[in-house]
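Note sheet for the following structure.
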Amino acid sequence: QAQCRERYLRQAQWPSIRQQAEAILYTHHQLRDQTLAKPVAAAWQWLLKLQQPTALQRLQQSYCRRMVRHYAPLFDSLEQHPLTARQREACVLDEAANLVLAGAGSGKTSVLAGRVAYLLVSGLARPEEILLLAFGKQAADEMRARIATTAASETPGPEISTFHALGLAIIQAVEGKRPAL
């Protein structure tokens, strides 16, 4: 239960958690027909619930609700307008890859600022572990300005760059000099 409550359970982690639950249920199957003390019965029922098809989704939603509630003051104060419920959810989701798909002006940069602030304040990441990439220099500059004004910004903050600038920096680091364009 602690493993499932203390962190966001990623899709990739789920088979291992579910196998552990199945192993416990199988190993102690004789308990199924016995009268159990309340804590043991509750744990047994909880393990059985992990076998349901929607168990992972329920655990993820529960975690997200707790984190959104816990970090509400952060999300309320990040930008001129508080983040919406969906934006807050996007900030706390922690799959290996998260996709934020939205139209122009709908708050994608606000979500990125919220995500960075959440990762830093919660201790899930340090600034040097975060890289934000944009296609254009103007978008990278806007991200840099917005991230710098968040309550959670640190010095130095996360790296913010364009794809092209990152590529040039990588080539320069490998080759020892900037390539001629």
Do any side-chain atoms of residues 174-181 form donor-acceptor pairs under 3.5 angstrom with protein atoms, and if so which ones, sequence neighbours left out?
none

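- Within the 4.5 Å cutoff, no side-chain heavy atoms of Met143 are placed close to those of Arg146.
- Taken together through direct or relayed side-chain contacts under 4.5 Å among Ile, Leu, Val, Met, Phe, Trp and Tyr, Leu93 and Met67 form part of one hydrophobic cluster.
- Smallest separation of non-hydrogen atoms from Gly157 and Pro127: C-CB, 3.8 Å.
- A donor-acceptor pair under 3.5 Å is absent between the side-chain atoms of Thr27 and the main chain of Ile24, judged by distance alone.
- The backbone N or O of Arg126 lies less than 3.5 Å from a partner atom in the side chain of Glu129, making a donor-acceptor pair.
- The number of heavy atoms from other shown groups lying within 6.0 Å of CD (Gln52) is above 12.
- Ser161 and Ala165 get closest at one heavy-atom pair: OG-CB, 3.4 Å.
- In this structure, the separation between CZ on Phe75 and NE2 on His70 is 10.0 Å, given to the nearest 0.5 Å.
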*In sequence, state the C-alpha distance, the side-chain angles, and the governing distance for Leu9 and Tyr63, and then conclude on side-chain contact (heavy atoms from CB on, under 4.5 Å).*
CA-CA 9 Å; Leu9 281 179; Tyr63 177 85; over 6 Å; no

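- Residues satisfying the ring pair (Phe, Tyr, Trp, His ring centres under 6.0 Å) test with Tyr71, not counting sequence neighbours, are Tyr118.
- Side-chain heavy atoms closer than 4.5 Å link hydrophobic residues (I, L, V, M, F, W, Y) into clusters, and following such links, possibly through other members, connects Val121 to Val116.
- Using a 4.0 Å cut-off between charged nitrogen and carboxylate oxygen, Asp94 and Arg115 count as a salt-bridge pair.
- At a cut-off of 3.5 Å, with distance as the only test, no side-chain donor of Gln60 or Gln11 sits close to an acceptor on the other residue.
- Inter-residue side-chain proximity for Trp46 and Cys4 is flagged as met; some heavy-atom pair is nearer than 4.5 Å.
- Leu56 contributes atom CG, which lies 9.5 Å from atom CD of Gln13 (distance to the nearest 0.5 angstrom).
- Between Leu133 and Thr162 there is no side-chain heavy-atom pair separated by less than 4.5 Å.
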*asked:* Walk me through whether Arg65 and Glu89 qualify under side-chain contact (heavy atoms from CB on, under 4.5 Å).
replied: CA-CA 8 Å; Arg65 280 192 304 272; Glu89 182 182 332; over 6 Å; no

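- Residues Leu120 and Ile130 have side chains in contact (heavy-atom distance under 4.5 Å, counting atoms from C-beta outward).
- The ring-ring contact (aromatic ring centres under 6.0 Å, His included) analysis of residues 126-146, with sequence neighbours excluded, yields the pairs Phe135-Phe163.
- Summarising the geometry, atom CG belonging to Leu25 is positioned 8.0 Å from atom CG belonging to Leu50; distances are rounded to the nearest 0.5 Å.
- No single ILVMFWY cluster, assembled from side-chain heavy atoms under 4.5 Å apart, contains both Val111 and Ile160.
- Ser62 and Arg5 share no donor-acceptor pair across their side chains, judged by distance under 3.5 Å alone.
- Leu124 and Val100 are not part of a single hydrophobic cluster, where members link through side-chain heavy atoms under 4.5 Å apart.
- The shortest distance between side-chain heavy atoms of Leu131 and Pro158 does not fall below 4.5 Å.
- Counting heavy atoms from C-beta on, the side chains of Cys91 and Leu83 come closer than 4.5 Å.
- Atom CZ of Arg86 is separated from atom OG1 of Thr84 by 8.5 Å, given to the nearest 0.5 angstrom.
- In this structure, the separation between CZ on Arg7 and CG on Leu59 is 11.0 Å, given to the nearest 0.5 Å.
- Under the 3.5 Å distance criterion, the side-chain polar atoms of Lys108 are left unmatched by any main-chain donor or acceptor of Leu101.
- The line from SG of Cys64 to CZ of Arg88 is 13.5 Å long, rounded to the nearest 0.5 Å.
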_Does Glu159 form a side-chain contact (heavy atoms from CB on, under 4.5 Å) with Leu132? I'd like the steps, not just the answer._
CA-CA 6 Å; Glu159 185 173 345; Leu132 296 164; over 6 Å; no

*Given the rule in the side-chain contact (heavy atoms from CB on, under 4.5 Å) test, do Gln51 and Arg18 qualify, once you have shown the distances and angles that lead to the verdict?*
CA-CA 7 Å; Gln51 307 306 304; Arg18 195 159 174 185; 3.9 Å; yes

